[in-house]
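Below: the structure, in structure tokens.
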Amino acid sequence: MSTASWLGELNPQQRAAVEFGDGALLIIAGAGTGKTKTLACRVAHLIERGVAPDGILLLTFTRRAAAEMLHRAGQLIDPQLAAQVWGGTFHAIANRLLRTYGRAVGLSPDFTVMDQSDAADVMNLVRSELGLASRERRFPRKETLIAIYSRTVNAQEPLTDVLATRFPAYQRDAADIANVFDAYTRRKTAQQVLDYDDLLLFWEMLCQETDAGRRAADRFAHVLVDEYQDTNAVQARILRALRARVGNICVVGDDAQSIYSFRAAEVRNILDFPNEFPGTQIVTLEQNYRSTQPILAASNAVMEQARQRYTKILWSQRASRQLPQLAHCTDEAGQSAEICRRVLANRERGVALRQQAVLFRASHHSAHLEIELTRRNIPFHKYGGLKFVEAAHVKDLLALLRVLENPHDEISWFRVLLMLDGVGPRTARRIMDDLGVRSTSPGADVAGGDSREPPGSVAPVVAAPESAAPASEASRSPLATLASAPPAVPSAAIDAFAALRGALLDCLAIERAGDPPETDGDRRRSAPTLAVQVERLRRYLEPIFRLRYDNSIIRLRDLEQLERIASGYSSRSRLISDLTLDPPNSTSELAGAPWIDDDYLILSTIHSAKGCEWTAVHVIHASDGNIPSDMALSDDEGLEEERRLFYVALTRAKDQLCVYFPLRYYYHRFGMSDRHTYAQLSRFLTAPVRALFEEVTLPVVEQPLDESAAEAPQALRTRLSSLWRTPPT
DNA sequence: CATTTATAAATTTTT
DNA sequence: TTTATAAATG
């Protein structure tokens, strides 16, 4: 496509943003105003102007967003060129840069990245080692500790302030919490393991304090940042450091769509941007191309009640006589039934399932609907909520891969060893010591607060002795020790441990002491490909899973899927970090692989729906307590963010929008009962807002007693009797 | 020291 | 319902 033709498709504001030259540019882009298109065109335009593609850095909120923008840029110019652009999330880019330049800040290139639940496990470990687990007064649980820690570092706010404002219940524990954090950071550095926050912190340090980092920063002639309203203090500092010498920066965002303050995002970042970068040019995009006028009117009405005025008012030329609908249902069952009905009706009319989405505040809100969809054989794909890699069995395999990649990763070793029957925490600890997993000098880490170090020493420690020649490293590696001098294990665990040892060493093609000598001379066996390694590890896990999980078949299928994913990779470290930083978000339990490129309905949390759009959007559970969520109502700011969240949900719709309100909620959270409460309509649906909706009241649905229910007793009898009638095979 | 059993507690959003 | 901890048992 020629330059002139695609520039001609932009409106004057978009075009100004695309053609802006050097310096700082702030684009305030309302929902549906062609933000993605503008960024993609700007990237294409920069390249066409002669900027080297690998001198462009595009920071986005998800990998999906980066991929989409670069794909679009590629269509305008040359896909090969667009592919050279550095695109990804802050975390993914940090990971990539630190693999190359990490040594400057004390990181060995094979550091591993752990996700939030791994981090919580580490917290738990240090917590119990410090003897804080069992006391009269309740000490924060591991998830809470991570939340406190993450808020402290991401907001760059003193611990005491964080506790005072967000976790008042634990204010008295400040000193102990500080000890836990000390031990936590020390532990991570010793093992060359980074959590999500570390990726940002190390990146910041890299470009602020090292020559290598400064050179890397200056290589980027242009930096572009998407969803700037959802960046936090550390990310803002990274940008400042990145642009200390080369000042070309372009950020895009919408203060009305800031929905990540729980991750310490600061709307202030976008509002203060012109002060941070003097001479900033501001462009505002206000024409919405996505939604029909009535949908936009309803969305705007929700925002009009916000305390804070926002910087723009959206308008649309897409006229329509169809108002958004507010559907009153008797209960959840009515809601699910109606959605199924409408979704299928839409499909009859030619709207594909993937053009329709159901949005909700919390992941579990879709539980009932999921069951209903499954029952009716309507395929769907769920975004948000429990991720594939968070499932215990996937973590098991990932831990094995991590051990291979970073043999000093104690947490992964721990997980791997505890899988063995007859091995508990104590034995695991001893085995790890025998293997030399702990790379720090003896006595370096201690339980108890006495050996506390001065605050300055928390920061990244020296690179481990790994910088020596690889050969000598190998001889000292725990895996080499595992091959040459396997530690003794309790008799109950001998076989299981041997199996583990065999699996790990096979993956590295290390010969075991006591193996028959290799036949092909003294040439070393070559290391198997990654897919083969994963397959080997899966075979190792198979018998363990059969004993441990009752639904082991489903779980094993997940591992096969992992194997398929792995076959697309050549580097193990790449696979591990991609799985941690950009996890596939479905398990095969429901969204089976068979219809991966088939048509399916989208189910998504509102957070995960950010940046997406669909022809028809269904927003469910619009009751007070769900939207806004009860959990967020402790302060006014929380309420305001819930309002923006609701706004984000509504503005995802192109042609059709329906908001559902089930009146009755049953208490079957923990067990079944007929008791129920009556819900209140979401407080965001005030009279003036409702005036812009068409209200429909749905008839009571006769809850269809599941046909299979009648057959259930017989099925149960058959299954039971098979236990004693069928001979074991 | 590992494992089983009893008892109590919690319950959003995501890189 | 699940998930974590404490006490009892092997």
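Lettering follows sequence order; numbering is per chain, from 1.
Remark: A:Ser117 pairs with A:Asp115, A:Lys395 by the side chain to side chain donor-acceptor pair (under 3.5 Å) rule, at least two apart or across chains.
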## Note on the structure
For DNA chain B, the expected dot-bracket line (Watson-Crick or G-U under 3.5 Å, [ ] crossing, | inter-strand) is ||||||||||.....

Tabulate atom names and distances for all N/O pairs under 3.5 angstrom spanning the protein and nucleotides 3-6 of chain B.
{"residue": "B:dT3", "atom": "OP1", "partner": "A:Gly422", "partner atom": "N", "Å": "2.7"}

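Checked against B:dT14, B:dT12, C:dT5, the side chain of A:Asn124 finds its nearest nucleotide in C:dT5.
Considering only heavy atoms from C-beta on, A:Ile148 comes within 4.5 Å of A:Thr152 through its side chain.
Across all strands shown, A:Glu641 has no heavy atoms under 4.0 Å from either base or sugar-phosphate atoms. If you check every strand for non-hydrogen atoms under 4.0 Å, A:Arg426 touches sugar and phosphate atoms only. Here A:Lys610 lies out of heavy-atom contact (under 4.0 Å) with every strand. At the heavy-atom level, A:Phe90 lies nowhere under 4.0 Å from the strands shown. Backbone-only contact: A:Thr427 has heavy atoms under 4.0 Å from sugar-phosphate atoms and none from a base.
When each of A:Thr62 and A:Ala428 is assigned the nucleotide of DNA chain B bearing its nearest heavy atom, the one mapping closer to the 5' terminus is A:Ala428.
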### Query
Between A:Phe90 and A:Phe61, is a side chain to side chain contact (heavy atoms under 4.5 Å, CB included) present by the stated rule, with each step listed?
CA-CA 8 Å; A:Phe90 273 87; A:Phe61 205 72; over 6 Å; no

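Ring pair A:Phe181/A:Tyr149 is perpendicular by interplanar angle, where above 60° counts as perpendicular and below 30° as parallel.
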